[in-house]
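One-based numbering along the sequence shown.
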Amino acid sequence: MRLSQMLFVTLREDPAEAEIPSHKLLLRAGYIRRIGSGIYAYLPLMWRVLKKVSQIVREEMDATGAQECLLPQLQPADLWRESGRWDTYTQAEGIMFAMTDRQQRELGLGPTHEEVITTIAKDMIRSYRQLPLHLYQIQTKFRDEIRPRFGLMRGREFIMKDGYSFHTNEESLKKTYQDMAQAYSNMLRRSGLQFRAVDADSGAIGGSGSQEFMVLAEAGEDEVLYTEDGQYAANVEKAVSMPADVEPSPFATFEKRETPGTETIDKLCKFLKCSPTQVVKNVLYQAVYDNGITVLVLVSIRGDQDVNQVKLLNELTKLAGNYQAKTVLFLTVPDAEAQRKWAAKSLPLGYMAPDLADDYIASNPPQPPLTKGGQEDSNPPLTKGGQGGVSPKFLRLVDRTAVDLTNFVTGSNESGYHVVGANWNKEFPLPATVVGVRTAKKGDRAVHNPEQTLESARGIEVGHIFQLGTKYSQAMGATYTSEQGEEMPFVMGCYGVGVSRLAQSAVEQSYDKDGIIWPVAIAPYHAIISIPNISDAQQVEVAEKLYAQLNQSGIETLLDDRDERAGVKFKDADLIGIPYRIVPGRSLKAGKVEVVERATHQSHEILIDEVNSTLKQWIEAAIN
């Protein structure tokens, strides 16, 4: 392609909308253009990158025996109601674009396709003889992000590969799951990316186990915790570790003490001259279940630990049946506005004890109005048709870190006062439900080997694989006939790769002050020939000869034949990140051209007749 004929416009200044380097560079280099909030056009250079990523993904999927298909983006709401996820996606998380057609039928634009694929399997797979089966697609997906940001990292429209497998048993599922773990590692390795596979929370997709594939980059939204021995890696939402040892309590007897201005753990420990490991802090949460019931949750945890909200959400989901519900729509720390909706009197915030009385909850609290979209966390919507209301009692949970504390410090339920020397089942009843909801952090000892400590890195999630089990097949009545003639639910797996997200993550991982540094395997072109002076007949002649020769031999080459100064062309070549720049300049007198490696800026003078073979050798080495 000749640059003079390409839709190619670069920017010299960073666009105001862009927050992270990769977003700025893709806009400046003319790869993408913003059309609306979280909506981007993929311009010719970007589309070539996306096609290369897609091809790598496709080849690795096909190699496992998976079959490619294409599923509808427009999905009936009834399918999502069958699985129980319609309210979660349209109200709780609010990420599905929902609409009504002219016959008043509700539809959604697919952020994912579990319901569609399960319906297809239900209709078409009758016998165990048809299993296992693995289908995948590369498709545009949609998410109604509250705050789209970072360009293609968190857009409202994006390209994704998602695959779904169907099995007769867990053993078969685990084999495909392991095949996918290897295939995903191959995809990222072939794309030239540094990555780490980590244990992860299954989130709204569900299932018994999952693994994320993180591209390591400073701008990553996720924190990854890992050990140097390579034996453990997990997303911080899932990570487990051993907390620091408890220090002995200096308080031998129980008493109430005045502690003014100590509403935080730090202030309290300085005032009492004690360790946060000797404190039981009590954190209040507000959960709204899918039948509209609000539950006030009081979590008691050791003072030096923080509650991991994802782990807490999972625990509350397990308890949904106690409230005649299926799932949690919202989990928030109630602010002053939210408290006014249910509190009978002002709460002693910062001074709460594990036995905070249930009479702080009004007997007939006003119910929040029915809304849609979940834009206000402090006023979460109730499900249409739900019972509504607020549970009249606190749900009391205790984290494992606090269970064995003795002579501890905690709140007194009176502002300005704490108690010291307290003990469970003496001064305070130990909550019946013990949970593990602490947040693991850098420096903690590893569970598998206490001599190893957790290290931290930032990562961009580009892939996620799940062992779904029978979550969707049971909910949607998707069964096959077993060898014994029984109707059995499919055992399922789910596997996703963000194609457009992966492409941008490559930029986030590899750039410098001059622009993008594409990995050779997914660069839009392998080489660019920059003619310093298009009025120089010899330069043009050599450039044209190399341009034809390189493309003919399979080296994808751009020709910058624009009537621009050499400096402009060199800056643009660096900005767009083409791996090799060929300059037919002063060295032509010696029968050579200059070849500059984008990643290192290293310059080589190579004989014109050897450029083709040299580049082919470099490219093959970089890709393999």
Side-chain angles (χ1 to χ4, degrees), residues 1-13 25-31 43-49 52 507 511-620 622:
M1 172 59 71
R2 297 173 185 274
L3 213 51
S4 62
Q5 298 172 5
M6 178 180 276
L7 177 59
F8 178 70
V9 178
T10 59
L11 307 174
R12 294 305 169 203
E13 301 296 329
L25 289 169
L26 287 175
L27 286 166
R28 282 187 53 209
Y31 280 84
L43 299 179
L45 286 173
M46 192 72 215
W47 188 240
R48 288 182 67 90
V49 174
K52 289 189 175 185
V507 179
Y511 65 91
D512 62 16
K513 62 181 178 60
D514 297 314
I516 299 168
I517 303 173
W518 284 111
V520 175
I522 61 173
Y525 290 88
H526 298 133
I528 180 170
I529 302 171
S530 300
I531 306 174
N533 180 6
I534 62 169
S535 299
D536 187 313
Q538 186 184 16
Q539 290 184 12
V540 172
E541 181 184 355
V542 171
E544 290 282 1
K545 176 183 175 183
L546 283 172
Y547 174 62
Q549 186 183 74
L550 293 173
N551 278 306
Q552 189 174 10
S553 68
I555 298 173
E556 300 165 3
T557 305
L558 268 174
L559 178 62
D560 191 347
D561 58 343
R562 296 174 299 165
D563 187 10
E564 293 280 2
R565 290 179 290 108
V568 170
K569 294 182 178 183
F570 297 162
K571 279 185 175 294
D572 280 346
D574 282 345
L575 178 61
I576 64 178
I578 306 303
Y580 304 104
R581 183 176 80 232
I582 303 167
V583 183
R586 288 188 290 267
S587 54
L588 285 179
K589 294 176 182 178
K592 297 179 179 179
V593 294
E594 181 188 22
V595 180
V596 181
E597 297 180 59
R598 175 65 186 89
T600 63
H601 290 290
Q602 188 172 355
S603 176
H604 310 265
E605 286 195 351
I606 299 175
L607 290 169
I608 294 170
D609 291 340
E610 294 179 3
V611 170
N612 192 0
S613 59
T614 301
L615 282 182
K616 183 159 288 194
Q617 184 179 352
W618 289 354
I619 290 166
E620 288 177 358

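Using modelled atom types, one finds no donor on one side chain facing an acceptor on the other under 3.5 Å when comparing S587 with E594. If you check the side chains of D560 and S530, you find no donor sitting under 3.5 Å from an acceptor.
Between L559 and A543, the closest heavy-atom pair is CD1-CB, 4.0 Å. Minimum interatomic distance between V593 and L546 (heavy atoms only, all atoms of both residues): CG1-CD1, 4.2 Å. The minimum heavy-atom distance linking M6 with Y525 is given by the pair CE-OH, 3.7 Å. Closest heavy-atom contact between A590 and L607: O-CD2, 4.2 Å. Between L27 and L11, the shortest heavy-atom distance links the atoms O-CD1, 3.9 Å. Between A573 and R581, the shortest heavy-atom contact is CB-CD, 3.7 Å.
For the pair V595/S603, no side-chain contact is recorded, criterion being any heavy-atom separation below 4.5 Å from C-beta on. Taking 4.5 Å as the limit, every side-chain heavy atom of P579 sits out of range of all side-chain heavy atoms of E597. Residues T10 and R28 have side chains not in contact (no heavy-atom distance under 4.5 Å, counting atoms from C-beta outward). Using a 4.5 Å cut-off on side-chain heavy atoms (C-beta onward), K569 and I534 make contact. Looking at R48 and M1, their side chains never come closer than 4.5 Å, going by heavy atoms from C-beta outward. Contact check for L575 versus I516: no side-chain heavy atoms found under the 4.5 Å cut-off. Side-chain contact between R562 and I531 is absent, with no heavy atoms from C-beta onward closer than 4.5 Å. Taking the side chain as every heavy atom from C-beta outward, K592 and E610 never approach each other to under 4.5 Å.
A donor-acceptor pair is defined here as one N or O able to donate and one able to accept, closer than 3.5 Å; no such pair exists between the side chain of D574 and the backbone of G515. A donor-acceptor pair under 3.5 Å is formed between the side chain of T557 and the backbone N or O of I555. A distance-only check finds no donor-acceptor pair linking the side chain of R598 to the backbone of Y580 [under 3.5 Å].
Put simply, the residue from I576, I529, I582 that forms a side chain to side chain contact (heavy atoms under 4.5 Å, CB included) with L558 is I576.
Counted within 6.0 Å of NZ on K571, heavy atoms from surrounding residues, nucleotides or ligands total 12 or fewer; the atom is thus considered open.
For Y511 and W518, the distance between ring centers is not under 6.0 angstrom. H526 has its ring centre no less than 6.0 Å from the ring centre of W618.
Atom-to-atom distance recorded for Q539:CD and E544:CD is 12.5 Å, nearest 0.5 angstrom. The CG atom of L25 sits 9.0 Å away from atom CG of D512, with the distance rounded to the nearest 0.5 Å.
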Using the rule given for side chain to side chain contact (heavy atoms under 4.5 Å, CB included), can you reason through V507 versus Y31, listing the C-alpha separation, both sets of side-chain angles and the distance that settles it, and then say yes or no? CA-CA 11 Å; V507 179; Y31 280 84; over 6 Å; no
Would you sort out whether K616 and L550 count as a side chain to side chain contact (heavy atoms under 4.5 Å, CB included), showing the intermediate values? CA-CA 9 Å; K616 183 159 288 194; L550 293 173; over 6 Å; no
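The pair E556-K52 meets the salt-bridge criterion, with a side-chain N (NZ, NE, NH1 or NH2) lying under 4.0 Å from an Asp/Glu carboxylate O.
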